[in-house]
K.L.:
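My structure is below; once you've seen it, I'll send some questions.
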2 protein chains.
Amino acid sequence: MTRIDDVARLAGVSTATVSRALRGLPTVSAATRRRVLAAAEQLQYAVSPSASRLAGGRTGTVAVVVPRITRWFFGTVVEAVEEFLQDSGYDLLLYNLGGREQTRQRVLHTASLHKRVDAIILVATPLRAADVHALTKLELPGVTISSGTKVPGWPCVRIDDVAAARTATRHLLDLGHTRIAHISGDPDDELAFTTHLDRRRGYQEALRAAGIGPDPSLDVESRFTIDGGTQATAELLARGEPPTAIVAACDEMAMGAITALRDAGLRVPQDVSVIGIDDHDLAGVLGLSTIAQPAAEQGLLAARILLDPLGVRAAAPHPGAVPAPRGADTDDRTPTPVILPTRLVVRESTAPPRAH
Amino acid sequence: MTRIDDVARLAGVSTATVSRALRGLPTVSAATRRRVLAAAEQLQYAVSPSASRLAGGRTGTVAVVVPRITRWFFGTVVEAVEEFLQDSGYDLLLYNLGGREQTRQRVLHTASLHKRVDAIILVATPLRAADVHALTKLELPGVTISSGTKVPGWPCVRIDDVAAARTATRHLLDLGHTRIAHISGDPDDELAFTTHLDRRRGYQEALRAAGIGPDPSLDVESRFTIDGGTQATAELLARGEPPTAIVAACDEMAMGAITALRDAGLRVPQDVSVIGIDDHDLAGVLGLSTIAQPAAEQGLLAARILLDPLGVRAAAPHPGAVPAPRGADTDDRTPTPVILPTRLVVRESTAPPRAH
DNA sequence: CTGAAAGCGCTTACAG
DNA sequence: CTGAAAGCGCTTACAG
């Protein structure tokens, strides 16, 4: 492969000048830059990332950590992040924790990330105190997405989960429901993942505001997945008289609920209304009413916050020219979370209760 | 950060020995290795990937290229690949092409990949002749997944798309359908993506084997997505008497078809049966009959083929110890594709036609 | 089994 | 605006 010396020789300049010209540094004359670019083009030169990183101390790489890339929210976030990083000349190193403790340890507790990436985007990854400590020690800039994940000093992009659940519940109240159940993620989870706790709070707040005391027998915990929704709903139905409506903590649980209701011979929404939170790709196909949250926007914004602390998005004149990421020491205080708006989307899964 | 010299000093050996011990090379005495590991542990040493890559010539990184990580098949494949790579000590660089031509160019036509990764996994990425040429010139080992993507010398993992569509169609024929429509991806796509062509062939073969000539007015092309399925079905219905059954080229198109049928006041399966291909996560929720294909297995197998050419899966005794990937020059001929089995899954979206 | 030394291919002060 | 030289932190023959 051609190296920087080859380009330097062909262009008749030093390797230092080639390096500067290719990275778009201002201290190169236009004529020289032209010659260097032409030579690089002619030789099909591409800088060696390893050498560049070792010499320059920056990796041009961002780690993106998600629980499960196959879930709607995380896939959508990663897609948006990837596009922004790609356009900014950054590489994206993907870590899909997938519930594997060993992977968690390797990603969060090894110095390996420190020398591997310039910055981290942590999506809805529950953190123990020790995890937070380890991440802080990395002294890398980072951004978290979702309320469940907080690292001191890192900006956070998220929605207002309490409000989202409140709106979902109020929609059912407005339709005339009073026996409203709630199915949600498992708080026995040893990890401090708070998203479903916030959503439960919103559900309860809306009920109380309507003068209805939350009924514990209508609040079932299960996993935050389709199967979790199915199981929670089955459990709910086993407890006796079914509710007339269900608030699911996410669309995937809502889909599971729909399945369980259908299997039990109950019609949605005639017998039971169901509302989720997310606006999953398939919510429309299922006719699912939901609270839409902007997943791609959260990813995009997180990436932007990470790379453009000054609002300046550097153009990448050549592969290898990369803007510096937000410095870890820019600000020691944890920034105020950026909260994106949610929106009620009414489809066919919610209707007035029959007695109404 | 601690460097290799720090470890060497603490362990009382040379940096060369530290390097060997940490990577698990056999030419180190047990006692020395113990001391080195203890020193590394004590200093929380992690090797610098940049330095290691520059000196060693290997990156310990695999590029995974997918069209859209948010689609079921690609997300599932990436998740499986990520787990295997992670366990093997490899980093995963994600490229989500997302229909962006600029990204295609950068990924496929820059030498940048060459110096950035040791190997490539290309998932269902349509390739022009120039793309194939560029990839071949990289002289990197690679594996493709899905029939639409072929690179000379690279193994391919896929299903038999013709057979899958044939089985789907035969299922409908067995139920007594004869007016069977087909909705599929767009062949006007300038890229040589053949998956939907193969599936159309299977559809036609099954009809012909049943003595039915394929009716072009029952074969509609659209995009390979939910919306594509909706549009194709709407178009189909606009053409006149509806079919009694639809074979969709993938589950996402089938879901779109179900939406369109519902919107047109037609019931599934009473008025129209629908079958897909994939066994998407949500196929069960929708009661969609389909031909299941093993997505995670294809990803896992591709990763394994790439990293374990000799069936030897090297353990990674320390982060940084990484088995050598399959050499590009191991075999100049293109290996026989590995074809994984598919399976008919009958749910509620298919039934005998009403007249039957 | 171990070490001294060269070298991987860049970037970055420093000097001009 | 440009160049000579040092240095980034490892791995790899080579020698013993």
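Per chain, numbering begins at 1; letters A, B, ... match sequence-line order.
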K.L.:
Can you tell me how far C1' of C:dC10 sits from CG of A:Leu25, to the nearest Å?
P.N.:
13 Å
K.L.:
Checking B:Arg68 side chain against B:Gly98 main chain: does a donor-acceptor pair fall under 3.5 Å?
P.N.:
no
K.L.:
Verify the contact: side-chain N or O of A:Thr17 to OP1 or OP2 of D:dT2, cut-off strictly under 4.0 Å; return yes or no.
P.N.:
no
K.L.:
Once you round it to whole Å, what is the distance between P of C:dT2 and CD1 of B:Ile4?
P.N.:
15 Å
K.L.:
For B:His114 and C:dG9, what is the distance between atoms NE2 and P respectively, to the nearest whole Å?
P.N.:
10 Å
K.L.:
Nearest-nucleotide wise, let me know which of B:Val28 and B:Gly56 is further upstream toward the 5' end of DNA chain C.
P.N.:
B:Val28
K.L.:
When we call it a touch if two heavy atoms are under 4.0 Å apart, what does B:Pro49 touch: a base, just sugar-phosphate, or nothing?
P.N.:
nothing
K.L.:
So, OP1 or OP2 of D:dT11: does either fall under 4.0 Å of a side-chain N or O from B:Ser19?
P.N.:
yes
K.L.:
Look only at the side chain of B:Arg58 and the backbone of B:Leu54, and say whether a donor-acceptor pair between them is shorter than 3.5 Å.
P.N.:
no
K.L.:
Between C:dG7, D:dA4, C:dC10, which nucleotide has the shortest distance from any of its atoms to the side chain of A:Ser14?
P.N.:
D:dA4
K.L.:
Checking contacts here: which listed nucleotide (C:dT11, D:dG3, C:dT2) is nearest the side-chain heavy atoms of A:Ser52?
P.N.:
C:dT11
K.L.:
Pick the nucleotide of DNA chain D nearest each of B:Arg3 and A:Thr27; which residue has the one closer to the 5' end?
P.N.:
A:Thr27
K.L.:
Which of the following nucleotides, C:dT11, C:dG3, D:dA4, is nearest to the side chain of B:Val13?
P.N.:
C:dG3
K.L.:
Establish, with yes or no, whether the OP1 or OP2 oxygen of C:dC10 is under 4.0 angstrom from a side-chain nitrogen or oxygen of B:Lys115.
P.N.:
yes
K.L.:
Does B:Tyr45 have a side-chain nitrogen or oxygen under 4.0 Å from the phosphate oxygens OP1 or OP2 of D:dC10?
P.N.:
yes
K.L.:
How many Å lie between CG on B:Leu22 and P on C:dT2, as a whole number?
P.N.:
14 Å
K.L.:
Any donor-acceptor pair under 3.5 Å linking the side-chain atoms of B:Thr103 with those of A:Gln86?
P.N.:
no
K.L.:
It should be established whether B:Ser29 places a side-chain nitrogen or oxygen under 4.0 Å from OP1 or OP2 of nucleotide C:dC1.
P.N.:
no
K.L.:
Is there a Watson-Crick or G-U wobble partner for C:dA13 with both distances under 3.5 Å, and which nucleotide is it?
P.N.:
none
K.L.:
Once you apply a heavy-atom cut-off of 4.0 Å, does B:Ser50 come out as touching a base, just sugar-phosphate, or nothing?
P.N.:
nothing
K.L.:
Separation of A:Arg23 atom CZ from D:dT2 atom C1', in whole Å?
P.N.:
14 Å
K.L.:
Would you kindly check whether a donor in the side chain of B:Arg20 faces an acceptor in the base of C:dG3, or vice versa, at under 3.5 angstrom?
P.N.:
yes
K.L.:
Can any side-chain N or O of A:Thr59 pair as donor or acceptor with the backbone N or O of A:Asp118 at less than 3.5 Å?
P.N.:
yes
K.L.:
Establish, with yes or no, whether the OP1 or OP2 oxygen of C:dT2 is under 4.0 angstrom from a side-chain nitrogen or oxygen of B:Thr32.
P.N.:
yes
K.L.:
Rounding to a whole Å, what distance do you find between B:Leu54:CG and D:dG9:P?
P.N.:
12 Å
K.L.:
To the nearest Å, how far apart are B:Arg53 CZ and C:dG7 P?
P.N.:
24 Å
K.L.:
What is the distance from CZ of A:Arg35 to C1' of D:dT2, rounded to the nearest Å?
P.N.:
11 Å
K.L.:
For the side chain of B:Ser88 and the backbone of B:Tyr90, is there at least one donor-acceptor N/O pair under 3.5 Å apart?
P.N.:
no
K.L.:
Hey, could you give me each pair passing salt bridge (charged side-chain N to carboxylate O under 4.0 Å, His left out) that has a residue in residues 10-22 of chain B? Not counting sequence neighbours.
P.N.:
none
K.L.:
Give the nucleotide from the list D:dC10, C:dA4, C:dC10 with an atom nearest to the side chain of B:Val47.
P.N.:
D:dC10
